[in-house]
2 protein chains.
Amino acid sequence: MLKKERHDIVMRQINLHNRVLTSDLVQLLDVSEDTIRRDLQELSDQNLLYKVHGGALSKSYHSTFDDSTVYAKEAKIIIAKKTIPLIKDGMVILTGGGTTIIELVKQLPENLQATFFTISPLVAVELAKYPKVEVILIGGLFSKNSQITYGGHVINQLAEINADLCLLGTSALHPKDGLTDTDWEINQLKKRMLSSSRKSAVLCISEKLNISLRLKVTALENISYLITELSPADVKLEEYHVNGLKLL
Amino acid sequence: MLKKERHDIVMRQINLHNRVLTSDLVQLLDVSEDTIRRDLQELSDQNLLYKVHGGALSKSYHSTFDDSTVYAKEAKIIIAKKTIPLIKDGMVILTGGGTTIIELVKQLPENLQATFFTISPLVAVELAKYPKVEVILIGGLFSKNSQITYGGHVINQLAEINADLCLLGTSALHPKDGLTDTDWEINQLKKRMLSSSRKSAVLCISEKLNISLRLKVTALENISYLITELSPADVKLEEYHVNGLKLL
DNA sequence: ATATTAGTTGCAAAAAGCCGCATAAACCCG
DNA sequence: CGGGTTTATGCGGCTTTTTGCAACTAATAT
């Protein structure tokens, strides 16, 4: 392995995850810690990354958005890791927005080969870091609150899509009322996304369970997978064991 | 074995694998290390590959991660400030992507009331911070390099838009050749953007002046405003005083 | 506060590279 | 054709780069 190649790989990791651990790189590149440290030192000298105890950070991750403030990040990472196995090479995937989905994207395998449709610009930017992933951003009116595109134009385009899997973050989930929301437009959007997709996965941190909002998107039965940070056997999930819904 | 033959073989290996090791080439070509080194040196002098300790890398593969810390930021802020007066309440504006445009967006007046169409997710996210601005993100294939949407779908949507002003960042500008570019798709895109808009402003840091790339987007005459960080009276801009083009 | 983990510095061995020189083949030209 | 010139290649010695190890220090965690 040439030194420059290692440097490139390190930079790729950094751009992908905004951070690298020395120990991870030792495994990944199969060289001694000293070599990794020297690599990081050199890249740092070239102002390409920010070296810290234990690894290094991206110099410019403020460009997209600051993820140190992501709420319940640990839980979201657990959810992301559980979701990965659902995603396989060759699939066509439709995603919504939100920090949970972004965490998921950051955990995707490096060489995933898939097509992603998304209504979230930030998700698109994250996805673009994967060389073999095709990203299609669905355009339309841009919502200032939820940072996704919405409105008739988006719905129309969604109608033309036939995805294998739809990944949704959640505002609220309830055993009886299913997936619910507060905003009429977003509600329409989610309905359309679900029907444009063969299967669907709802990513939901546990504190959003057992909440029900004004507008119903769909019943639990119409969701394929529910992914939380809890074990499927957890008592909090007891009421969610319904037909057709697989808990992860 | 002729030298030229060796060079060809080396280049084929490079294009195939993106890398070659000196030691591999010694075996493959059955010559001394010194000869291989001289070969690589010569090919490197001709800018055909990137020489490193231990071998060489493909020039295209060798990713240029550099200046993620926005390059020539000062100049870009000056340009942004000069551009602001062109933007008035009620206008419909079409923008491209790039760091110059993002700087511009950051300098917009807080209470601007306008409609923006953009092909850049990052610009959309920035624009969303202005409460009275309506943002429409034009969707389509997402380009990993330039971080904008492109392709037929984008062109089609642009065709339906009638904007007052089109704001473009620049890859290269030349007094004779006008606005030029290297990528065919991006080229088409810019052409379409210009014709979907009544007026157009090109934002261009001075070091990109007098450079001409392979593909022509449009002549200087078809641009309404050229905005650089220089004074309009600067000698470097002498050749840009043409009919219909206003320097700022 | 102490154990653990990460980092630093200096050193040595191996690998790669560089420089000058010698040789031989190819070329040039009257 | 023949002498001078250029070009291509390999060799030997010397330098630089890269890497891992060991001893020691600094930072972090329990």
Side-chain angles (χ1 to χ4, degrees), chain A residues 1-59 61 66-70 72-78 81 106 229, chain B residues 1-59 61-66:
Chain A
M1 165 102 44
L2 298 168
K3 185 159 78 141
K4 186 75 177 74
E5 288 184 294
R6 277 203 321 270
H7 286 193
D8 284 349
I9 291 173
V10 170
M11 286 313 295
R12 236 184 84 61
Q13 289 291 319
I14 286 245
N15 286 337
L16 212 52
H17 302 116
N18 287 327
R19 60 187 275 253
V20 283
L21 303 183
T22 309
S23 51
D24 286 354
L25 289 175
V26 168
Q27 286 211 355
L28 180 68
L29 301 172
D30 197 31
V31 286
S32 74
E33 292 199 350
D34 299 74
T35 301
I36 294 296
R37 292 213 183 85
R38 271 184 285 244
D39 285 345
L40 294 180
Q41 186 60 55
E42 282 161 35
L43 291 167
S44 168
D45 290 346
Q46 290 169 54
N47 246 300
L48 294 174
L49 50 73
Y50 182 65
K51 196 163 166 296
V52 294
H53 198 101
L57 298 172
S58 160
K59 242 204 148 182
Y61 67 112
D66 183 6
D67 73 354
S68 61
T69 58
V70 172
K73 197 170 168 188
E74 292 311 312
K76 286 175 180 173
I77 291 175
I78 296 174
K81 291 201 167 141
K106 287 187 178 168
E229 80 275 23
Chain B
M1 164 104 41
L2 267 35
K3 185 156 78 140
K4 185 73 172 69
E5 287 182 287
R6 278 203 319 271
H7 285 196
D8 286 349
I9 292 174
V10 170
M11 286 314 295
R12 210 169 50 241
Q13 290 291 318
I14 285 246
N15 290 331
L16 214 53
H17 304 113
N18 283 326
R19 64 180 277 219
V20 283
L21 303 183
T22 309
S23 51
D24 286 356
L25 290 176
V26 168
Q27 288 211 355
L28 180 67
L29 302 172
D30 196 32
V31 285
S32 74
E33 292 200 348
D34 298 74
T35 302
I36 295 296
R37 287 205 191 90
R38 273 184 282 244
D39 285 345
L40 294 181
Q41 186 59 56
E42 283 161 33
L43 291 168
S44 169
D45 289 345
Q46 291 169 54
N47 245 305
L48 295 174
L49 49 72
Y50 183 74
K51 196 164 167 297
V52 296
H53 196 100
L57 297 171
S58 154
K59 196 100 210 223
Y61 171 75
H62 162 241
S63 36
T64 46
F65 287 116
D66 46 0

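Reckoned from all heavy atoms, side chains included, excluding hydrogens, waters and symmetry mates. For clarity, every value in this text was computed on a predicted model and none was experimentally measured. The chains referred to below are lettered A, B, ... by the order of the sequence lines, with proteins before strands, and numbering in each begins at 1.
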SB check A:Lys4 A:Asp8 (cutoff 4.0 Å) = yes

Tell me, do A:Met1 and A:Val31 make a side-chain contact under 4.5 Å, heavy atoms counted?
-> no

Side chains of A:Asp39 and A:Leu25: closer than 4.5 Å at any heavy-atom pair?
-> no

Take atom [atom1] of [X] and atom [atom2] of [N], then tell me their distance rounded to the nearest Å.
X       : N      : atom1 : atom2 : result
B:Asp34 : C:dC19 : CG    : C1'   : 10 Å
A:Gln41 : C:dT8  : CD    : P     : 6 Å
B:Leu40 : C:dG17 : CG    : P     : 8 Å
B:Arg38 : C:dC19 : CZ    : P     : 11 Å

What residue pairs, at least two apart or across chains, pass salt bridge (charged side-chain N to carboxylate O under 4.0 Å, His left out) with a residue in residues 42-54 of chain A?
-> A:Lys3-A:Glu42

What residue pairs, at least two apart or across chains, pass salt bridge (charged side-chain N to carboxylate O under 4.0 Å, His left out) with a residue in residues 10-25 of chain B?
-> A:Glu5-B:Arg19

Got a second to check how far [X]'s [atom1] is from [Y]'s [atom2], nearest 0.5 Å?
X       : Y       : atom1 : atom2 : answer
B:Leu28 : B:Arg6  : CG    : CZ    : 11.5 Å
A:Gln41 : A:Leu49 : CD    : CG    : 9.5 Å
A:Ile36 : A:Gln27 : CD1   : CD    : 11.0 Å
B:Thr35 : B:Asp30 : OG1   : CG    : 10.5 Å
B:His7  : B:Leu40 : NE2   : CG    : 8.0 Å

Answer yes or no: is there a donor N or O on one side and an acceptor on the other, between the side chain of A:Ser58 and the main chain of A:Ile14, under 3.5 Å?
-> no

Taking for A:Val31 and for B:Val31 the nucleotide of DNA chain D with the nearest heavy atom, the one nearer the 5' end belongs to B:Val31

Can you name the atoms? Protein N/O to nucleotides 13-16 of chain C N/O, anything below 3.5 Å, with the distance.
unit_1, atom_1, unit_2, atom_2, d
C:dA16, O4', B:His53, NE2, 3.4
C:dA16, O3', B:Gly54, N, 3.1

DNA chain D: 5'-most and 3'-most nucleotides touching chain B, 4.0 angstrom heavy-atom criterion | D:dA8 to D:dT18

End-to-end bend of the helix from C:dA1-D:dT30 to C:dG30-D:dC1 (five-pair axes, 10° rounding)?
-> 40°

Pair A:Val10-A:Leu48, side-chain contact (heavy atoms from CB on, under 4.5 Å): steps then yes or no = CA-CA 10 Å; A:Val10 170; A:Leu48 294 174; over 6 Å; no

Heavy atom of residues 1-12 of chain B under 4.0 Å from DNA chain C: which residues?
-> none

